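Just follow the structure's listing: the first ligand is 1, and inside any ligand the first atom is 1. Given the structure is predicted, the values throughout are model-derived calculations rather than measurements.
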Amino acid sequence: MEKLVVTGPTRLKGEVNISGAKNAAVAILPATLLIDGICTIENLPNISDIQISCKILEALGAKITWNNKNSLTIDTRNITTTKAPLDLTRKFRASYYLIGSMLSRMGEIEVGMPGGCKLGARPIDQHIKGFELLGANVTVEKGSIYAKAEKLKGSPVYMDIVSVGATINVMLSAVLAEGTTIIDNAAKEPHIVDVANFLNTMGADIRGAGTDVIKINGVEKLKGNATYSVVPDQIEAGTFMLAAVATQGDLLLKNCITKHLESITAKILEIGGNVEDFGDSIRVWCNKRPKKANIKTLPYPGFPTDLQPQMGVVLSLAEGTSMINESIWESRFQYTEELNKMGAKITAQGKTAFFEGVEKLSGAPVYSSDLRAGAALVIAGTAAEGITEIYNLEHIDRGYENIEEKFRNIGAKIERVNE
Ligand code: EPU
């Protein structure tokens, strides 16, 4: 079993290169199934979710050539099956994007029920509603989803809830449909815009991505023959911004889009940290104990749920009592029990947690319950006095490229050890 061993405390200092966005990349890869041709994708994060996506695409008949660890060329001219490997698709969340893409491309798909982080109930009713409005028949049986359509036809789709996955999935299913699809109450996250930009580069006609109304005029074919670079990861950048504050350090984050970081910047300033915005890089530093704050997670441009645990580490070290209200996921406070083992004073009940700030954390063995919880524990271990051992690394490896190397480069004493 692998574990990360972190010896703290360290004030993180230096530069970090932000990787491409996981949640854009895991949608862009299945989106290549819409192309009857070849394309190159750059700035892919080198993480296990991408390796699994590639294995699934290859099983469907795609040919992938890696140009380097962050770039691949994919040929999707010859798709040979409509049954995706069930074991692999059950391993991660974004396998649901195969439904939109394959319905468009092949008119049929069978995938395992998507897995991913255990954050409470993760229904996909809005995805299914969208596919059905475009004319597909969808059944869920024996842990798999079957979807079939003779011919997809554009339709208005009103989302009852703001959903990243459903917005992207309906977009994927509408690109090659006959006529126009209008998604109302769409999610606005940077990765939604990035998937739309990718598809438009390949010949799609999508307008309004990044607003709450997206209009997709169906086109006959996507041509491919183009190169696309994945948007920088808003959540990885935010993770390092909060690591700078939690450790009272000073970090310059390069290759990010600071516009995507405004909600995090605002909160860091509110709690007494400092931020200097250079447009495509951002410096964050803090030389005193942060102050308390209240946070509510919301869809973009609100404070992202995927940074809630990392912010939880900062607030557990802040002066005074802070409150976080998690409005997206039912069960995203599992990390608080681990932080309490390190000396934090957090009381979590339902979707609300109270953080009575302590002056210091102390190292302990801790278990990562999901991807962002894992990142939060790495930050906590770096800020804490003594040795922290972090287990369940498979969660962290799903979404952070080379986390220990990036932390080591900015001064953390962190090793991956095989027990
Ligand atoms: N929801 C429904 N019905 C649906 C879809 C969603 O009720 O059909 C609910 C969910 O239960 C949740 C809310 O709507 O309460 C938002 O869910 P959303 O669909 O936006 O989440 P997702 O697409 O499953 C993506 C990211 C998550 C991130 C959320 C919210 C990917 C692969 N995952 O999930 O990322 O937390 O959006 O921003 O893009 C992570 O990276 O650590 C992660 C969990």
Cation-pi geometry met for Arg11 and Trp285 (6.0 Å, 45°): no
Residue that, paired with Lys3, satisfies salt bridge (Lys or Arg N to Asp or Glu O under 4.0 Å) out of Glu394, Glu419, Glu404: Glu419
Option set [options], criterion heavy-atom distance to [atom], minimum:
| atom | options | result |
| --- | --- | --- |
| atom 31 (C) of ligand 1 | Leu371, Thr167, Asn23 | Asn23 |
| atom 5 (C) of ligand 1 | Ala21, Ala166, Pro123, Ser95 | Pro123 |
| atom 25 (C) of ligand 1 | Val164, Asp125, Leu298 | Val164 |

Give the numbers and elements of all ligand 1 atoms closer than 4.0 Å to a heavy atom of [X].
| X | value |
| --- | --- |
| Arg93 | 24 (O) |
| Gly165 | 19 (O), 23 (O) |
| Asp306 | 27 (C), 28 (C), 35 (O), 36 (O), 40 (C), 41 (O), 42 (O), 43 (C), 44 (C) |

Thr305-ligand 1 polar pair, N/O distance under 3.5 Å: no
Test of proximity, Arg332 against ligand 1: N or O pairs below 3.5 Å: yes
[X] contact mode with ligand 1 (heavy-atom cut-off under 4.0 Å):
| X | value |
| --- | --- |
| Phe92 | neither |
| Gln308 | neither |
| Lys22 | side chain |
| Tyr300 | neither |
| Ile128 | neither |

Pairs meeting criterion salt bridge (charged side-chain N to carboxylate O under 4.0 Å, His left out) with involvement of residues 298-309, two or more places apart: Asp306-Arg332
Pairs meeting criterion salt bridge (charged side-chain N to carboxylate O under 4.0 Å, His left out) with involvement of residues 136-156, two or more places apart: Glu108-Lys148
Side-chain touch Met102/Ile79, heavy atoms, less than 4.5 angstrom: yes
